[in-house]
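Okay, structure first, notes after.
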Amino acid sequence: MIPYGRHSVDQTDVDEVLKILQSDWLTTGPMVQKFEQSIAGFCGAVHGVAVSSGTAALHCAVYAAGISRGDEVIIPAITFAATANCILFQGGMPVVVDVEPDTLLMDTAEIEASISTKTKAIIAVDYAGQPCDYETLRKLADKHDLILISDSCHALGAIYHRKPVSQYADLTAYSFHPVKHVTTGEGGMVVTGNDEYAAKMKRFRNHCISTDLHERQLRDDWRYEIIDIGYNFRLTDFQCALGLSQFRKLNGFLQRRREIAHMYDHAFEASNQVRPLKRTPDTEHAYHLYVVRVGGAGDGSQRSRIFTELRSKGIGVNVHYIPLNHHSFYRKTLGIRKGQFPSAEAAYRRILSLPIFPGLKDDEVNVITDAVNKSVSAE
Ligand SMILES: *Cc1c(COP(=O)(O)O)cnc(C)c1O
């Protein structure tokens, strides 16, 4: 089976991890800061806060933004569960808005219509690795005094108007899960230019202890204080060593993802039955996913048939994502219902994510495009 995503780990990565396993620090050592500085530097941000997952990164961002009981945060209908859950973890209320039908990015007009006196933040999702309309989002956030958080778990390396996506949001969250651009096994990071947010998140990932072990050792003091409820969201040093080693290959990884996307674009150019999502102007896509729309406007049965056919041929297609209002938990908790987000729901019945990852070979791409083109014309 060709998976839809897969990590690329080589011997240099293994060697870097082994070095740290034989060193004095397995966790909270020098590699953490090095990894943070590398990713933050790449994003043009002052601070990076490494944590144990992308979900933890979003949770930290929501904490730093001061979201608490009664606060509303606007999110798109098509995203991973963690985008909604990070708000709920802190007692806030996600307010879901529909997406644009051709990009599946948040519909900015819908955001404006959903802002209330309780709205505190927006979490924008760079779906598939394509940046949201950050100029509009930034203006909206400033006009209504909202904090702009970016769930860029798909978009490490994406560029919006010649700047990294993290230059527009107040807080930007990344994931280092094996299917993402750079992996630490599990891991994540928030980058920000705000000193206060960074300090808050560094405490939050470590039980909200007022000082860390190094500071106490420096001062020869055993005293510390718990100043709020926090978590253990720390990332280990050997994971950061893997992340750093992976980060050195990021530009090559991005280039290969873009090459594969280009091959897919070319293969489906002449097809009116396989329609890739629309690209926005003056942006560079990071291609965590390559998403096409197949089948007619019906109930999704054509897409299901194509999905099953491709899977039976060993092609690991997937569907990202089931809209939030199609999960019973979110209907119950957020008071949303089926049919409420027509663009997201219509897209959901047609989308397929095709395999895309740096190790995918040209001949595998050809096998996939042939199989997709054959399957869509088999009606
Ligand atoms: C991967 C992902 C996350 C969560 O990341 P984990 O590292 O798996 O916790 C959050 N949001 C989006 C959009 C993602 O794709």
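Just follow the structure's listing: the first ligand is 1, and inside any ligand the first atom is 1. Starting from 1, each residue takes its place in the sequence as its number. Since this is a predicted model, take the numbers as computed values, not measurements.
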With distance as the sole test, does N85 use its side chain to make a donor-acceptor pair with the main-chain N or O of I87 at under 3.5 Å?
->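 It does not hold such a pair.
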
Indicate yes or no for a side-chain donor-acceptor contact from T79 to the backbone of P76 under 3.5 Å, with no hydrogens or angles considered.
->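 No: the side chain of T79 does not pair with the backbone of P76.
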
Exercise: do S304 and S301 side chains pair donor with acceptor under 3.5 Å |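 Per modelled atom types, S304 and S301 side chains form no pair under 3.5 Å.
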
L254 and Y160: same hydrophobic cluster, using ILVMFWY side-chain contacts below 4.5 Å?
->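 Shared cluster, yes.
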
Can you produce the list of protein nitrogen or oxygen atoms under 3.5 Å from a nitrogen or oxygen of ligand 1, alongside each distance?
unit_1   : atom_1 : unit_2 : atom_2 : d
ligand 1 : 5 (O)  : S175   : OG     : 3.4
ligand 1 : 7 (O)  : G54    : N      : 2.8
ligand 1 : 7 (O)  : S175   : OG     : 2.8
ligand 1 : 9 (O)  : G54    : N      : 3.3
ligand 1 : 9 (O)  : T55    : N      : 2.8
ligand 1 : 9 (O)  : T55    : OG1    : 2.5
ligand 1 : 11 (N) : D151   : OD1    : 3.4
ligand 1 : 11 (N) : D151   : OD2    : 2.9
ligand 1 : 15 (O) : H154   : NE2    : 2.8
ligand 1 : 15 (O) : K180   : NZ     : 3.0
ligand 1 : 15 (O) : Y321   : OH     : 3.3

Reference residue H326; test side-chain hydrogen bond (donor to acceptor under 3.5 Å, both in side chains); the match among K338, E345, R331 =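 That would be E345.
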
Is the count of non-hydrogen atoms from other residues, nucleotides or ligands lying under 6.0 Å from H161 atom NE2 greater than 12?
->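 Result for NE2/H161: enclosed.
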
